[in-house]
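Residue numbers run from 1 in the order of the sequence given. Small disclaimer: the values here were computed from a predicted structure and weren't measured. These numbers come from the heavy atoms of this one structure, side chains and all, not from hydrogens, waters or symmetry mates.
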Amino acid sequence: MKTILITGGTDGMGKALAITQLKNGHRVIIVGRSKDKGAQFINEAKQLNASNRAVFLEADLSLISENKRIIEFMEQEMKALDTLILTAADQSFRPNKRETKEGFEFTFALYYLSRHVLSYGLKTLMEKSKEPIIINISAPGLKGEVNWDDIQMSQNFDSTKAQRHGSRLNDLLAVSFEEKNEAKHIKYILFNPWAVRTTGANASAKNKMQQRINAFIYKLIGKSPAEAILPVIDLLDAPPKATLSAYLQRKEVNLSMPTFEKNKAERLFNETNRLI
């Protein structure tokens, strides 16, 4: 039995992965903000006779302090962590920037800072596992530049651009983690599911017309969460040999893309540590 931690595990792909891994006989800890959705997960676990292997942790992962609380819980309660799946993200359209209580732009904090803090904060616990894997569900394989002058994308805020920028930061997070993964024991996988039919996909629309357009597009090309997680399940069952890899659905992404440059990854690592 493996111990699996899933952020954003109350919705979408995170929820689908959580239920699937419970069915596979593993211990699953999910993190989310909604008590009601957390209770739904626990009830589903009971129906699967898996309540003794299901844990819901309520937390606002846009706050560094909450991420650290999750890390402390895992270190105190678990002997090792086999799998960390990072799915929590801000998918809603917001016309104006939102600042967390700690002073960070919300999308930046949830989609990137949380993943940085958890990846490094849980590293020691994961090194105690036989075959530890981190899966960062973002959008590798796409072009884009990091805005070093406004790394939080808080100036002239655009929520869609902020989300895309967050994926470029996650590309570099994976590269820097690989560089600092001295024992080369933990496998870090970036995964781009492409279009997934979730409530967040429609919430990102600016208006009702855009919602209708999104609904039509996602009906044509989008996958359900249950379909979208199938390549992830395959990666968990048969991990790649490399300690760093990236996939756009089932196609491996070339890590020689400019979005994975090591010098930029080191720069981001240092800038992130300065911020936090």
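- Although no hydrogens or angles enter the test, the distance criterion places no donor-acceptor pair under 3.5 Å between the side chain of Q21 and the main chain of V28.
- Crowding of R53 atom CZ: a count of heavy atoms from other residues, nucleotides or ligands under 6.0 Å exceeding 12.
- The distance from the CD1 atom of I134 to the CG atom of L81 is 8.0 Å, given to the nearest 0.5 Å.
- Of the possible polar contacts, one joining the R115 side chain to the I137 backbone as a donor-acceptor pair under 3.5 Å is found.
- Residue L173 holds its CG atom at 8.0 Å from CG of L86, rounded to the nearest 0.5 Å.
- Pairs engaging residues 165-175 under the side-chain hydrogen bond (donor to acceptor under 3.5 Å, both in side chains) rule: Y111-S167, N136-N170, R168-D171 [sequence neighbours left out].
- With E105 contributing its side chain and F108 its backbone, the two residues share a donor-acceptor pair below 3.5 Å.
- Without hydrogens or angle criteria, D234 side chain to A238 main chain gives no donor-acceptor distance under 3.5 Å.
- Atom CG of N67 and atom CG of L118 lie 4.5 Å apart (nearest 0.5 Å).
- Here Y188 and F177 bring their ring centres to under 6.0 angstrom of each other.
- When all heavy atoms of K184 and T243 are compared, the closest pair comes out as O-CG2, 3.4 Å.
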| Verdict with reasoning, M74 to I71, per side chain to side chain contact (heavy atoms under 4.5 Å, CB included) | CA-CA 5 Å; M74 294 298 294; I71 293 168; 5.8 Å; no
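- The distance from the CE atom of M153 to the CD atom of Q163 is 11.0 Å, given to the nearest 0.5 Å.
- For the residue pair G38 and T10, the shortest heavy atom distance occurs at N-CG2, 4.1 Å.
- Taking the centre and axis of the six-membered ring of Y120, the NZ or CZ atom of K180 falls outside the cone set by 45° and 6.0 Å.
- Annotation: the span from L110 atom CG to L63 atom CG amounts to 9.5 Å, rounded to 0.5 Å.
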| Pair T259-V146, side chain to side chain contact (heavy atoms under 4.5 Å, CB included): steps then yes or no | CA-CA 8 Å; T259 50; V146 172; over 6 Å; no
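- A donor-acceptor pair under 3.5 Å is formed between the side chain of N254 and the backbone N or O of S256.
- With sequence neighbours excluded, no residue satisfies side chain to side chain donor-acceptor pair (under 3.5 Å) with E58.
- Under a 4.0 Å N-O distance rule, the pair D90/R98 does not qualify as a salt bridge.
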| Test side chain to side chain contact (heavy atoms under 4.5 Å, CB included) applied to K223 and Q249, step by step | CA-CA 11 Å; K223 294 181 175 65; Q249 297 185 87; 2.5 Å; yes
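- Counting heavy atoms from C-beta on, the side chains of L190 and V253 never come closer than 4.5 Å.
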| Can you list the steps and then say if Y112 with T272 is a side chain to side chain donor-acceptor pair (under 3.5 Å)? | CA-CA 10 Å; Y112 167 66; T272 303; 2.6 Å; yes
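- Under the 3.5 Å distance criterion, with hydrogens and angles disregarded, no donor-acceptor pair is assigned to the side chains of E252 and S245.
- Atom OG of S129 sits about 7.5 Å away from atom NZ of K2, to the nearest 0.5 Å.
- The environment of NZ in K101 is sparse: at most 12 heavy-atom neighbours from other residues, nucleotides or ligands sit within 6.0 Å.
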